[in-house]
Amino acid sequence: MTVNTYYSLKGGKPDPTTLVTDRAVFKEAYAFIPRRCAKDITASFFPNWEKTRGWVLARPLSGFAETFAQVAMEVFAMGGTNRPEDDPEAECVIFVTEGEIELTIAGILHRLTPGGYAYIPPGVPWALWNRGAISACFMWVRKKYQRVEGLPLPDVLIANENAVAPVAMELSDGRWKTTRFVDPADLRHDMHVNIVTFESGGVIPFAETHVMEHGLYVLEGRAVYRLNDDWLEVEAGDFMWLRAFCPQACYEGGPQRFRYLLYKDVNRQMPLVPF
Ligand SMILES: NC(=O)N[C@H](N)C(=O)O
């Protein structure tokens, strides 16, 4: 078991002067990417995006069954794009974490503020601009849509997390909750991007192990998170990439609630030969 020793707490808050370079982990079952400290070194700039940079946190990597890419995006004032995506089979979720964006999907304009959520099916044209004076930041989760004969594509979805009631998880006493933006039984969707929230004392009380992969971006708070056979201290801004079957559990670490954005592949049969 590895326990991280990141938290040098000053007044209950992580000490920003602590060296964080020893927190990153890359193993067969998972990767842990701590919140960015040297932002410039790891940033990318993307074709057809103006005044924008991004941090690629996850991508299909090994030819195993990895299904998704996830990018933390920062769009500077007056930046954006009319050609965001070059893969016609890519679906995506956009989740705004800071600032305001103008998102035009199939000709309809939506203004999204923090907590704003959009699902965009493959092949639907969209554009994104930041018309404000300060940067806008969002998570961009991309996946090649897995079509099923006879099933129509999912609809465009626009939401805000504040308008969606979270569901309490079984045996959790209401301290472990999931905000679901789509109906789990809607088979048109082959991925879910949910928000998982732990109130004070909340835990995942067993090591969940399943075939679904995850990307976890910590939105708020801190916790001790189990990934395979390690326990890691995690906090807002950290990212975790979990391969299929990676055991996972956690307990909330206070003083405020602990929340993360969770990617999960769902609702499709597995091929009977390895990818
Ligand atoms: N690590 C997690 O939060 N996993 C979720 N409970 C899930 O797989 O739905």
Side-chain angles (χ1 to χ4, degrees), residues 58 67-68 70 91-97 110 112-121 138-141 143 145-146 151 153-227 234-242 244-269:
T67 51
F68 75 108
Q70 184 157 345
E91 61 183 333
C92 74
V93 162
I94 284 173
F95 181 78
V96 179
T97 52
H110 309 273
L112 299 188
T113 52
Y117 184 106
Y119 169 79
I120 308 172
F138 65 94
M139 275 291 150
W140 185 15
V141 182
K143 178 179 185 300
Y145 183 69
Q146 221 177 319
L151 266 187
L153 290 176
D155 300 320
V156 170
L157 171 73
I158 302 291
N160 190 290
E161 62 160 321
N162 299 322
V164 181
V167 177
M169 306 304 285
E170 255 183 284
L171 306 175
S172 71
D173 206 14
R175 292 180 196 190
W176 168 22
K177 293 178 282 197
T178 303
T179 305
R180 296 200 169 104
F181 293 90
V182 302
D183 177 356
D186 183 345
L187 297 184
R188 295 174 305 166
H189 285 275
D190 67 354
M191 73 169 182
H192 290 159
V193 177
N194 296 328
I195 294 176
V196 181
T197 300
F198 297 86
E199 303 294 346
S200 175
V203 297
I204 297 180
F206 54 91
E208 284 184 29
T209 309
H210 47 60
V211 73
M212 299 91 161
E213 296 167 356
H214 282 323
L216 275 93
Y217 177 72
V218 182
L219 296 166
E220 185 181 345
R222 57 189 193 217
V224 182
Y225 219 97
R226 177 173 162 181
L227 298 172
V234 304
E235 66 167 355
D238 291 344
F239 181 77
M240 292 168 258
W241 177 75
L242 280 63
F245 301 113
C246 177
Q248 59 212 258
C250 74
Y251 54 92
E252 179 271 337
Q256 78 260 48
R257 62 190 184 159
F258 171 59
R259 294 190 321 131
Y260 50 83
L261 192 71
L262 179 79
Y263 161 87
K264 183 173 185 174
D265 52 305
V266 294
N267 292 348
R268 292 293 182 270
Q269 281 290 5

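Quantities reported herein were computed from a predicted structural model and do not represent experimental measurements.
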(message) So if I apply the salt bridge (Lys or Arg N to Asp or Glu O under 4.0 Å) rule between E199 and each of R175, R259, K177, which one comes out positive?
(response) K177

(request) Consider only side-chain N and O atoms of Q70 and Y263, and report whether a donor and an acceptor are under 3.5 Å apart. (result) no

(message) To the nearest 0.5 Å, what is the distance between CD on E91 and CG on L153?
(response) 9.0 Å

(message) Just verifying a value: how many Å separate F245 CZ and T209 OG1, rounded to the nearest 0.5 Å?
(response) 9.5 Å

(message) So, taking the atom named CG in N267 and the one named CG in L151, what distance separates them when rounded to the nearest 0.5 Å?
(response) 9.5 Å

(request) Find the distance between CE (M139) and CG (L219) and round it off to the nearest 0.5 Å. (result) 8.0 Å

(message) Between T67 and E213, is there a side-chain donor-acceptor contact under 3.5 Å, judged purely by atom types and distance?
(response) yes

(request) Specify the closest pair of heavy atoms between D155 and R188, including all atoms of both residues, with the distance to one decimal. (result) OD2-NH1, 3.3 Å

(message) Testing Y217, W176, F95, Y225 one by one against Y260 for a ring-ring contact (aromatic ring centres under 6.0 Å, His included), which residue passes?
(response) Y225

(message) Is the distance from the ring center of H189 to that of Y119 below 6.0 Å?
(response) yes

(request) Assign the ring pair H214 / H210 to parallel, tilted or perpendicular, where the plane angle (0 to 90°) is split at 30° and 60°. (result) perpendicular

(request) May I ask you to decide whether D190 forms a salt bridge with K143, counting only side-chain N to carboxylate O separations under 4.0 Å? (result) yes

(request) For residues V141 and M191, report the shortest heavy-atom separation together with the two atoms involved. (result) O-CE, 4.0 Å

(message) Between R226 and Y251, is there a side-chain heavy-atom distance shorter than 4.5 Å?
(response) no

(message) If you define the side chain from C-beta out and look only at heavy atoms, does anything of F239 sit under 4.5 Å from L216?
(response) no

(message) Taking the side chain as everything from C-beta on, heavy atoms only, tell me whether I120 gets closer than 4.5 Å to V93.
(response) no

